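What's counted below: heavy atoms across the whole structure, side chains too, no hydrogens, waters or symmetry copies. From a predicted model like this one, the values you see are computed outputs, not experimental measurements.
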Amino acid sequence: MSNREQSAFIRAIGNDNSLPIEKAAVELWVKDLDNPFRWTLRPILQFLFAILLHLTWFFKRLPLPQFSGHSLLQKMICWFCKNLVSPEANLLILRHFSTESNVINFLAENSGKEVVVDLYPKCVDDMMRDTFIKHDQELFDAFYHLGDAKDAQEIAHTELKWKRWKKIDMKAFELDRKLTQVIDFETAHALFMCLFCFLLKRDEYRDAINGFNLDQSIAIRIGRIIGKPEIVEMAYNKYPHYLVGPWNLSQRFLMHGFFTEYLYAELESIRNDAIPPSNEGE
């Protein structure tokens with residue numbers, strides 16, 4: 001879509017660089033915002049899926065034998081991604097694995113912890129191995145082993161460690177495009193969250209939807225390391241000791257995605273300033 005066909009606000013946010021976010025991510029999001037299905041199909045489906053989600057949540061919280069279907073969940077999500085979810089939304093999902101893995105690896109490496117998260121899928125099929133479920137569990141395990149927040153001390157930017165950092169290359173992502181791929185990012189998430197709730201055990205799902213609230217803790221620690229405590233303001237999801245249910249889940253999930261994009265771009269900017277191009281990879 002050309003700039004003349006975009007609204008003034010969409011043009012403005014597409015050109016604004018006040019917040020640290022890579023241009024590639026902004027372009028994907030702007031295209032997703034201009035998806036006509038987002039403004040016609042999404043409101044209806046989100047309303048229906050929100051009702052279904054809360055009914056499923058209530059059912060799963062009953063004192064009944066718990067069941068899960070991790071393999072089925074992965075297959076269904078990947079099938080939807082390959083056949084119905086828009087290319088822009090798929091690329092945003094793939095980017096999220098990489099941004100969050102980089103953020104956690106940076107935090108661990110510069111806190112002196114032997115914690116490594118290696119979830120960097122390059123295509124939808126990779127997400128059958130770099131699973132959505134594994135994504136949550138590895139995050140929780142990594143955060144558990146990060147230990148005392150006092151270990152996060154300010155380090156000169158030229159002394160920061162980047163050995164576990166993997167720069168995101170949009171050309172490395174592989175995506176087969178189909179005419180049926182029309183569902184925008186938020187509508188796709190509305191569908192996925194119902195599948196997650198039904199095919200995870202109740203505590204697995206409860207932990208997954210509360211994991212977003214670790215954003216504040218991550219921001220506090222990284223802010224100390226890079227000497228920018230103000231980055232905690234980038235965390236929309238806060239206060240991990242207060243457990244919540246599925247209410248407002250779509251917005252909290254979306255803001256978690258923006259948060260990791262913001263932190264990734266901020267850290268990548270610091271890395272580029274501190275490491276000459278000829279020394280990358282050393």
At their closest point, which heavy atom of Y205 faces which heavy atom of P246, and how far apart are they? OH-CB, 4.5 Å
Under 3.5 Å: donor-acceptor pair, side chain of W57, backbone of W247: no
Strictly by modelled atom types, are E204 and H70 linked by a side-chain donor-acceptor pair under 3.5 Å? yes
Heavy-atom count around N83 CG within 6.0 Å, excluding the residue itself: above 12? yes
In the single-linkage hydrophobic clustering (I, L, V, M, F, W, Y; side-chain heavy atoms under 4.5 Å), do L84 and M76 co-cluster? yes
How far does CG of L160 sit from CH2 of W165, to the nearest 0.5 angstrom? 10.5 Å
Whether the side chain of K60 engages the backbone of L199 through a donor-acceptor N/O pair (distance < 3.5 Å, no angle test) should be reported. no
Using the side chain to side chain donor-acceptor pair (under 3.5 Å) rule, pick out the option among H256, R252, K238 that qualifies with D215. H256
Non-hydrogen atoms of E186 and W29 that approach each other most closely: OE2-CH2, 3.9 Å
Under the 6.0 Å and 45° cation-pi test, does R164 pair with W162? no
Using distance alone, with no hydrogens and no angle criterion, decide if T99 and N102 have a side-chain donor and acceptor under 3.5 Å apart. no
Single-linkage hydrophobic cluster, 4.5 Å side-chain cutoff, W39 and L45 together: no
Count I, L, V, M, F, W, Y as connected when their side-chain heavy atoms are under 4.5 Å apart, and connections chain through other members. Are L200 and L243 then in the same cluster? no
Got I218 and I104 here, is their nearest side-chain heavy-atom distance under 4.5 Å? yes
How about F198 and F67: are their ring centroids closer than 6.0 Å? yes
Testing the basics here: between G211 and F140, what is the closest heavy-atom pair and its distance to 0.1 Å? CA-CE2, 3.6 Å
May I ask you to check whether F258 and Y236 place their ring centres under 6.0 Å from each other? no
Check whether E268 reaches the backbone of K167 with its side chain - one donor and one acceptor, N or O, closer than 3.5 Å. no
Taking the side chain as C-beta and beyond, is there a heavy-atom pair between L175 and K82 under 4.5 Å? no
Using side-chain heavy atoms (C-beta onward) and a distance below 4.5 Å, is V117 in contact with E100? no
So, do L28 and M170 sit near enough that their side-chain heavy atoms are less than 4.5 Å apart? yes
Has the side chain of N90 got a donor or acceptor atom that lies under 3.5 Å from a matching backbone atom of C81? yes
Provide the closest heavy-atom pair for S111 versus I225 in the form atom of the first, atom of the second, distance. OG-CD1, 3.7 Å
Is a side-chain N or O of H145 found less than 3.5 angstrom from the main chain of D141, in a donor-acceptor match? yes
Measure the spacing between CG of D126 and CZ of F173 and express it to the nearest 0.5 Å. 10.0 Å
Backbone N or O of L254 within a donor-acceptor pair of the H189 side chain at under 3.5 Å? no
Check whether S269 reaches the backbone of A265 with its side chain - one donor and one acceptor, N or O, closer than 3.5 Å. no
Exam field: side chain D32 to backbone F185, donor-acceptor pair closer than 3.5 Å: yes
Minimum side-chain heavy-atom gap L263-I222 below 4.5 Å: yes
Check whether any side-chain N or O of D184 sits under 3.5 Å from a backbone N or O of T187 as a donor-acceptor pair, and report yes or no. yes
Check ion pair D118-K166 (N to O, under 4.0 angstrom): yes
Tell me, yes or no, whether the heavy-atom count around K113 atom NZ, taken from other residues, nucleotides or ligands under 6.0 Å, exceeds 12. yes
Working for side-chain contact (heavy atoms from CB on, under 4.5 Å), residues V26 and D16: CA-CA 9 Å; V26 173; D16 177 38; over 6 Å; no
Is there a side-chain contact between N213 and Y242, using heavy atoms and a 4.5 Å cut-off? no
Report the distance from atom CG of L119 to atom CG of L94, rounding to the nearest 0.5 Å. 12.0 Å
N-O pairing of E261 and R95 below 4.0 Å: yes
What are the two closest non-hydrogen atoms of P240 and S217, and how far apart are they? CG-OG, 3.9 Å
Report yes or no: is the cationic atom of R221 (NZ for Lys, CZ for Arg) under 6.0 Å from the centre of the six-membered ring of F143, at an angle within 45° of the ring normal? yes
NZ/NE/NH1/NH2 to OD/OE distance under 4.0 Å, K31 and D34: no
Can you name the closest pair of heavy atoms from L146 and L107 and give their distance? CD1-CD2, 3.5 Å
For S86 and N35, what are the C-alpha separation, side-chain angles and deciding distance, and is it a side-chain contact (heavy atoms from CB on, under 4.5 Å)? CA-CA 9 Å; S86 73; N35 185 333; 4.3 Å; yes
Answer yes if V232 and Y262 sit in the same cluster of Ile, Leu, Val, Met, Phe, Trp and Tyr residues linked by side chain heavy atoms under 4.5 Å apart, and no otherwise. no
Under a 4.5 Å cut-off applied to non-hydrogen side-chain atoms, are I226 and F106 in contact? yes
Taking atom CZ of F253 and atom CZ of F196, what is their separation to the nearest 0.5 Å? 8.0 Å
Would you say L53 ends up clustered with F58 if hydrophobic residues are merged whenever their side chains have heavy atoms under 4.5 Å apart, either directly or through other cluster members? yes
Over 12 foreign heavy atoms within 6.0 Å of NZ, K201: no
Quick one: pull up OG1 in T260 and NE2 in H96 and give me the separation to the nearest 0.5 Å. 4.5 Å
Using modelled atom types only, decide if a donor and an acceptor are shared between the side chain of Q181 and the backbone of K178 within a distance under 3.5 Å. yes
When rounded to the nearest 0.5 Å, the distance separating CG of L52 from CE of M193 is 9.0 Å
Determine whether I183 and F37 make a side-chain contact, defined as any pair of heavy atoms from C-beta on separated by less than 4.5 Å. no
